[in-house]
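Input: a single structure, listed below in structure tokens.
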Amino acid sequence: MDPIAELEKRIQESKRLLTEQENALAVLKRAFGGGMSISTINTPTTLNSPSAFNFKDLLSDSSNKITLADEVKKVISAFEDNEFTVKHVVLALEKQGYEHNLKNPNARVGQILTGLVDSKVLAKTKEGIGNAPHWYVAKSEMPTVTAAGISN
């Protein structure tokens, strides 16, 4: 692998880990206040106590995350009216630098594409048999995906 690409990939992973750690720290600071000790962390809190956690904070941290399905929709919108397979989508995701921890990304992307066919966003143009893949095409304009949500 190209050493520059490998280093860029490591930097992206480090940034992602740092962001996760900063988010966890922010949640802990909100939950326990700025100065907490190890004994405070190990002390179990009940869900009935008001200091257990702030429910709104739990929702707000996850609502801005873009999922694999969102990334797949973004990639498919770039295909315009061209036909494509699962492999095309996976390769496009990798080329744009999307990192995943899936053992078999083809299977997960295939599930997402099947869901998009079921919801009439995609059409299956060729039925795959055996080693031959299914081919898809976007039926209409794909919704755009942003950090704030999905819009048309």
Side-chain angles (χ1 to χ4, degrees), residues 1-80 82 84-122 124 133-134 136-152:
M1 180 178 235
D2 179 26
I4 293 173
E6 180 66 27
L7 184 58
E8 286 176 338
K9 185 176 179 180
R10 286 182 184 178
I11 290 170
Q12 286 178 341
E13 178 65 16
S14 295
K15 285 180 181 178
R16 185 186 63 77
L17 289 172
L18 179 61
T19 301
E20 287 178 2
Q21 291 173 348
E22 287 173 337
N23 289 341
L25 178 62
V27 169
L28 287 173
K29 282 183 176 180
R30 282 188 292 249
F32 298 106
M36 66 176 148
S37 65
I38 298 297
S39 62
T40 306
I41 294 173
N42 292 333
T43 305
T45 58
T46 63
L47 293 180
N48 294 335
S49 71
S51 65
F53 58 87
N54 184 344
F55 190 71
K56 290 181 182 179
D57 290 341
L58 296 175
L59 294 177
S60 66
D61 288 343
S62 64
S63 64
N64 291 337
K65 291 185 180 174
I66 296 179
T67 64
L68 177 60
D70 295 334
E71 291 292 333
V72 167
K73 290 174 188 175
K74 195 182 333 178
V75 164
I76 291 171
S77 67
F79 292 160
E80 297 174 346
N82 294 309
F84 57 91
T85 66
V86 168
K87 190 66 177 172
H88 291 116
V89 175
V90 172
L91 290 173
L93 286 169
E94 290 172 358
K95 190 162 189 136
Q96 78 177 28
Y98 182 79
E99 294 182 20
H100 56 78
N101 58 353
L102 302 170
K103 290 182 181 177
N104 187 358
N106 292 359
R108 182 65 186 117
V109 169
Q111 290 174 336
I112 293 168
L113 295 182
T114 299
L116 291 172
V117 168
D118 292 344
S119 63
K120 310 256 188 270
V121 173
L122 295 180
K124 195 181 289 186
H134 300 301
Y136 303 90
V137 68
K139 283 180 112 175
S140 62
E141 186 178 322
M142 289 294 297
T144 56
V145 180
T146 64
I150 301 173
S151 63
N152 260 344

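The first residue of the sequence shown is numbered 1, and numbering continues consecutively from there.
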Contacts of Glu13 meeting salt bridge (charged side-chain N to carboxylate O under 4.0 Å, His left out) (sequence neighbours excluded), chain-then-number -> Arg16

Rounded to the nearest 0.5 angstrom, the CG-NZ distance for Asp118 and Lys124 is 8.5 Å

### Note: Glu71-Lys74 ion pair, threshold 4.0 Å (strictly below)
yes

For Lys87, the salt bridge (charged side-chain N to carboxylate O under 4.0 Å, His left out) test, sequence neighbours excluded, returns none

Glu94 meets the salt bridge (charged side-chain N to carboxylate O under 4.0 Å, His left out) criterion, sequence neighbours left out, with none

Nearest heavy-atom contact between Val75 and Ala92 is CG1-CB, 3.4 Å

Between Ala138 and Glu80, the two heavy atoms sitting closest are CB-O, 4.1 Å

Heavy-atom nearest pair, Leu122 first then Ile76, reads CD2-CG2, 3.9 Å

Taken to the nearest 0.5 Å, the spacing of Ile112 CD1 from Thr67 OG1 works out to 7.0 Å

For His134, the ring-ring contact (aromatic ring centres under 6.0 Å, His included) test, sequence neighbours excluded, returns none

With sequence neighbours left out, the residues meeting side chain to side chain donor-acceptor pair (under 3.5 Å) with Thr19 are none

Kindly assign one of parallel, tilted or perpendicular to the pair Phe79 and Phe84, based on the angle between their ring planes and the thresholds 30° and 60°. tilted

To the nearest 0.5 Å, atom CD of Glu6 lies from atom CD1 of Ile11 at 10.5 Å

**Request:** Quick one: do Val109 and Leu102 satisfy side chain to side chain contact (heavy atoms under 4.5 Å, CB included)? Show the steps, please.
**Result:** CA-CA 10 Å; Val109 169; Leu102 302 170; over 6 Å; no

Before you tell me yes or no, could you show the steps for Leu17 and Glu20 under side chain to side chain contact (heavy atoms under 4.5 Å, CB included), namely the whole-Å CA-CA distance, both residues' side-chain angles and the distance that decides it to 0.1 Å?
CA-CA 5 Å; Leu17 289 172; Glu20 287 178 2; 4.0 Å; yes

Heavy-atom nearest pair, Lys120 first then Lys139, reads O-CD, 3.3 Å

Rounded to the nearest 0.5 Å, the NZ atom of Lys73 sits from the CG atom of Leu68 at a distance of 11.0 Å

Inset, instruction - Check step by step if side chain to side chain contact (heavy atoms under 4.5 Å, CB included) holds for Gln21 and Leu25. - result: CA-CA 6 Å; Gln21 291 173 348; Leu25 178 62; over 6 Å; no

Sorted by chain and residue number, the side chain to side chain contact (heavy atoms under 4.5 Å, CB included) partners of Asn104 (sequence neighbours excluded) come out as Asn106, Ala107

Nearest heavy-atom approach of Pro133 to Thr85 is CG-CG2, 3.8 Å

